[in-house]
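These values consider heavy atoms only, across backbone and side chains, with no hydrogens, waters or symmetry-generated copies.
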Amino acid sequence: MTNEHDDSDIPDQAEADRGPTVLRISLGSRLRRLREACGISREDAGDHIRGSHAKISRLELGRTRFRERDLLDLLKLYGVDDPEKLAVYLDLMKKANDPGWWQPFNDVLPNWFETYIGLEQAATTIRTYEAQFVPGLLQTESYARSVITLGNDDETERRVGMRMRRQDILSRAAAPTLWAVVDENALRRPIDGYPELRDQIEHLIAVSDRPNVKIQVLPYSVGGHPAAGGSFSILRFPEPELPDMVYTEQLTTSHYLEKKQDVEVYMTVMNKLSVIALTPGESRDYLRKVLSELPVE
């Protein structure tokens with residue numbers, strides 16, 4: 001069996017720099033394309049590496065770490081035998097298996113949230129609607145501590161440290177765009193007193209001046225709105241093989257929606273929210289108005 005491969009089938013170094021989670025997904029997607037180009041089923045590929053079609057599915061979705069033996073066996077099956085290309089794949093596999101910066105927090109990090117952090121690190125655009133709290137990427141340390149304390153009674157400071165570390169993406173080189181629609185509920189309800197809420201709103205005003213941060217307030221005056229299902233985020237990536245992804249979170253789990261029809265529903269809702277919410281300029285003025293109306297303790 002022969003198969004032609006061009007340079008677009010080889011992960012590049014820039015992709016590796018985006019982090020291990022997105023690299024696993026990207027590498028898995030490339031393996032899927034190679035398999036399909038050869039007309040090989042998941043079942044046959046699984047048999048070839050002494051596994052199952054389910055294992056191939058997990059590898060192709062980037063949901064599990066790669067083993068060197070499995071990767072080499074699959075590449076051989078798919079007709080990739082050029083030493084230079086094999087070396088590139090192996091190098092990128094090692095980077096995909098590297099631990100992310102969040103690994104030291106594994107003991108306080110739910111498994112279902114670890115995937116999101118990796119994806120968040122790799123996204124170029126993060127659009128989020130928050131109904132109850134200020135988005136985590138925009139929280140002050142004090143506000144984050146109060147929110148975290150609501151649902152946890154241990155390791156609070158480490159959880160706060162992890163949340164603050166996540167915010168580094170907004171000031172790094174090639175920082176993503178964060179576009180947040182924040183319900184007025186989050187601006188009016190104090191978590192642990194009004195001084196803390198005042199500091200949080202002042203922080204929102206300050207960060208809204210950043211070119212990569214867009215904040216829109218959804219005021220009470222709009223009445224009912226289409227986001228009846230609650231808070232959600234939509235992540236967009238530069239890699240063409242990675243589709244937009246919707247993230248929703250519950251108390252003990254989360255959901256990742258990748259099907260085009262599901263993402264389109266959430267994107268439509270997000271666009272409607274952005275239209276009925278105050279513009280970024282109006283929102284900045286509204287934040288100052290809310291700040292002036294908060295009780296002084």
Side-chain angles (χ1 to χ4, degrees), residues 116 120 123-144 146-147 150 163-164 166-171 175-236 244-249 257 262-297:
Y116 177 78
E120 183 180 75
T124 52
T125 302
I126 304 168
R127 297 187 67 179
T128 185
Y129 164 68
E130 281 290 345
Q132 184 175 356
F133 302 114
V134 170
L137 290 175
L138 298 174
Q139 292 178 5
T140 63
E141 183 173 334
S142 177
Y143 183 93
S146 295
V147 172
L150 291 175
R163 185 161 300 182
M164 295 298 101
R166 281 174 57 200
Q167 296 180 6
D168 288 351
I169 65 171
L170 297 179
S171 55
T177 296
L178 174 62
W179 185 353
V181 177
V182 183
D183 198 286
E184 187 168 352
N185 282 324
L187 307 176
R188 297 287 186 180
R189 180 184 292 117
I191 307 301
D192 189 26
Y194 284 104
E196 178 182 86
L197 183 57
R198 292 179 64 86
D199 288 344
Q200 176 61 71
I201 294 178
E202 288 175 349
H203 178 67
L204 290 177
I205 295 171
V207 297
S208 68
D209 283 332
R210 294 186 182 182
N212 63 316
V213 176
K214 182 185 296 185
I215 299 174
Q216 291 186 263
V217 174
L218 189 67
Y220 292 145
S221 59
V222 303
H225 58 77
S231 305
F232 64 95
S233 297
I234 305 174
L235 305 180
R236 174 162 291 177
D244 291 351
M245 184 175 298
V246 174
Y247 172 80
T248 64
E249 185 176 314
L257 306 177
D262 292 333
V263 174
E264 286 178 349
V265 170
Y266 278 88
M267 186 63 77
T268 297
V269 171
M270 183 67 83
N271 288 336
K272 289 180 178 178
L273 290 176
S274 299
V275 170
I276 65 175
L278 301 176
T279 67
E282 293 169 340
S283 295
R284 192 175 296 111
D285 293 337
Y286 202 80
L287 287 170
R288 295 190 181 98
K289 176 178 179 293
V290 172
L291 186 62
S292 68
E293 294 172 352
L294 291 180
V296 178
E297 294 182 358

Are any of the side-chain heavy atoms of [X] and [Y] separated by less than 4.5 Å?
{"X": "Leu137", "Y": "Glu120", "answer": "yes"}
{"X": "Glu202", "Y": "Thr140", "answer": "no"}
{"X": "Leu187", "Y": "Lys289", "answer": "no"}
{"X": "Tyr129", "Y": "Asp183", "answer": "yes"}
{"X": "Pro226", "Y": "Ile276", "answer": "yes"}
{"X": "Glu293", "Y": "Arg188", "answer": "yes"}
{"X": "Ser274", "Y": "Val181", "answer": "yes"}
{"X": "Phe232", "Y": "Leu257", "answer": "no"}

Can you name the nearest heavy-atom pair linking [X] to [Y], along with the distance?
{"X": "Ala123", "Y": "Pro176", "result": "O-CB, 3.3 Å"}
{"X": "Pro295", "Y": "Arg198", "result": "O-CD, 4.2 Å"}
{"X": "Ser146", "Y": "Ile191", "result": "CB-CG2, 3.5 Å"}
{"X": "Ala144", "Y": "Arg163", "result": "CB-CD, 3.9 Å"}
{"X": "Gln139", "Y": "Gln167", "result": "O-NE2, 2.8 Å"}

### Query
Got a second to check how far Leu138's CG is from Gln200's CD, nearest 0.5 Å?
7.5 Å
#### Entry: Point-to-point distance, once rounded to the nearest 0.5 Å, from CG of Asp262 to CG of Asp244
12.5 Å
### Message
I'd like to check the ring-ring contact (aromatic ring centres under 6.0 Å, His included) partners of Tyr143; sequence neighbours left out, ordered by chain and number.
### Response
none
### Message
Can you list everything that forms a salt bridge (charged side-chain N to carboxylate O under 4.0 Å, His left out) with Asp285? Sequence neighbours excluded, please.
### Response
Arg288
#### Entry: Set of salt bridge (charged side-chain N to carboxylate O under 4.0 Å, His left out) partners for Lys272, sequence neighbours left out
none
### Task
Could you walk me through whether Arg127 and Asn271 pass side chain to side chain contact (heavy atoms under 4.5 Å, CB included), step by step?
CA-CA 10 Å; Arg127 297 187 67 179; Asn271 288 336; 2.9 Å; yes
### Task
Verify the neighbour count for atom OH of Tyr266: are there more than 12 heavy atoms of other residues, nucleotides or ligands below 6.0 Å?
no
### Query
Does Leu278 offer a backbone N or O that forms a donor-acceptor pair with the side chain of Gln216 under 3.5 Å?
yes
### Message
Quick check against the 3.5 Å criterion: does Thr124 have a side-chain atom that pairs as donor or acceptor with the backbone of Arg236?
### Response
yes
